[in-house]
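First the structure, in the form of structure tokens, and then the observations on it.
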Protein chains: 2
Amino acid sequence: MARPTQDVTDAELQVLQALWDRSRATIRDLTEALYPDEGTSGYATVQKLLERLEQKDCVVRDRSEGPPHWFQATVNRDALIGRRLQAVAESLCGGSLVPLLSHLVQQSQPLSASDRKTLESLIARLEQERDQP
Amino acid sequence: MARPTQDVTDAELQVLQALWDRSRATIRDLTEALYPDEGTSGYATVQKLLERLEQKDCVVRDRSEGPPHWFQATVNRDALIGRRLQAVAESLCGGSLVPLLSHLVQQSQPLSASDRKTLESLIARLEQERDQP
DNA sequence: TTCTCCCTAAGACGTAATGTCTGAGTTTAG
DNA sequence: CTAAACTCAGACATTACGTCTTAGGGAGAA
């Protein structure tokens, strides 16, 4: 039975973000990035967070090049966004993503110029798709 | 200092959903809806969940009509959607909602006919707004 | 060969959140 | 007066979380 997709905690996300900034990294690499002045305790914290991310299928560990092990993220930012949006949809909207989309489009907060440009290009693309059944 | 907006737990959400289905309710009403065969322990669970929802400013308690107290939700489904979307944006996108919108529009899962119609009317509305600077 | 450093593995720890449950006191209706 | 309903407050067990310690292995340098 497939394990339910799981969320990640804030500290785990910090680790993932550091992995997204590199194609792969060692525990030492991540510790230097995230816990620069913490010595062995920072190292162990990163170890524990990577262990939990492994269990959540969010990273893979490559032992083949001997110590140190190398780690890569197996989930990217967009996939996490998707998981979290799906979780909101399942929790509040019976699984439908449309209320989320509706909410985002109708929000009262004005968009920045660059955000609006991104949205306009998305709308144009969607209309293009709509005109080709 | 304003309390940071808080999320609600699954059990708290069950209580809110029962309140959304009624304009207002008593603890007994909610217990009969959510914990129909649990006796005093179900009653106490609803009490505790309402207490925590009060602390999170998600419900108000009206004591003015004497026992029993009456409860109303002060947050609706759309407001909770907004809070959760904002939390996803802050956690993964530096606060910007556009990546969430982009993700929702680009998802590969086909929309149902009614969902697509909703989306089309939203796009039309947005374009209308765009043509009126 | 020994020592030091780096690394892995495993668990402990304290705190907070969560859902559930018990007990005591108050109020109201019969 | 009694019983039922209600309120108030806390206890409890479990889980999650971030941090930290300890022990052992491996490799390189002295």
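Lettering of chains follows the sequences in order, A, B, ..., and the numbering in each one begins at 1. These values consider heavy atoms only, across backbone and side chains, with no hydrogens, waters or symmetry-generated copies.
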Q) Looking only at heavy atoms, which two atoms of B:G42 and B:T31 are closest? And how far apart? A) C-CG2, 3.9 Å

Q. Atom CD of A:E65 and atom C1' of D:dG26: how far apart are they, to the nearest Å?
A. 17 Å

Q) Is there a side-chain polar atom (N or O) of A:R63 under 4.0 Å from OP1 or OP2 of C:dC7? A) no

Q.
Donor-acceptor pair, distance only, cut-off 3.5 Å: does the side chain of A:T45 make one with the backbone of A:S41?
A. yes

Q: Without swapping roles, check the side chain of A:E54 against the backbone of A:E51 for a donor-acceptor pair under 3.5 Å.
A: no

Q) A:D37 CG to D:dT19 P: how many Å, rounded? A) 14 Å

Q.
Within the 4.0 Å limit for protein heavy atoms, which parts of nucleotides 18-26 of chain C are touched? Write it as a string from 5' to 3', B for base, S for sugar-phosphate only, - for none.
A. BBBBB----

Q. Are A:Y43 and D:dC20 close enough that a side-chain N or O sits under 4.0 Å from OP1 or OP2?
A. no

Q) If only atom types and distance count, is the side chain of B:T74 paired as donor or acceptor with the main-chain N or O of B:C58 below 3.5 Å? A) yes

Q. Can you tell me how far C1' of D:dC17 sits from CD of A:Q14, to the nearest Å?
A. 14 Å

Q: Using whole Å, report how far CG of B:L50 lies from P of D:dC6.
A: 13 Å

Q. Over how many whole Å does the gap from A:D7 atom CG to D:dG18 atom P extend?
A. 11 Å

Q) When you check the phosphate oxygens OP1 and OP2 of D:dC6, does a side-chain N or O of B:R28 lie under 4.0 Å from one of them? A) yes

Q: Indicate yes or no: does B:R84 engage B:D7 in a salt bridge with an N to O separation below 4.0 Å.
A: yes

Q: Assign each of B:E51 and B:T26 to its nearest nucleotide of DNA chain D by heavy atoms, then name whichever residue's nucleotide is nearer the 5' end.
A: B:T26

Q.
Does B:D21 have more than 12 heavy atoms from other residues, nucleotides or ligands lying within 6.0 Å of its CG?
A. yes

Q: Mind checking side chain to side chain contact (heavy atoms under 4.5 Å, CB included) for B:A87 and listing every partner two or more places apart, or none if nothing turns up?
A: none

Q: Scan A:R52, A:K56, A:Q17, A:Q6 and name whichever one has a side-chain hydrogen bond (donor to acceptor under 3.5 Å, both in side chains) with A:E12.
A: A:K56

Q. Between atom CG in A:L34 and atom P in D:dT19, what is the gap in whole Å?
A. 10 Å

Q: Please answer: with hydrophobic residues joined when any side-chain heavy atoms are less than 4.5 Å apart, are B:I27 and B:W70 in the same cluster?
A: no

Q: Kindly say if A:H69 contacts the phosphate of C:dT8, meaning a side-chain N or O under 4.0 Å from OP1 or OP2.
A: yes

Provide a list of protein-nucleic acid N or O atom pairs under 3.5 angstrom, restricted to nucleotides 27-30 of chain C.
none

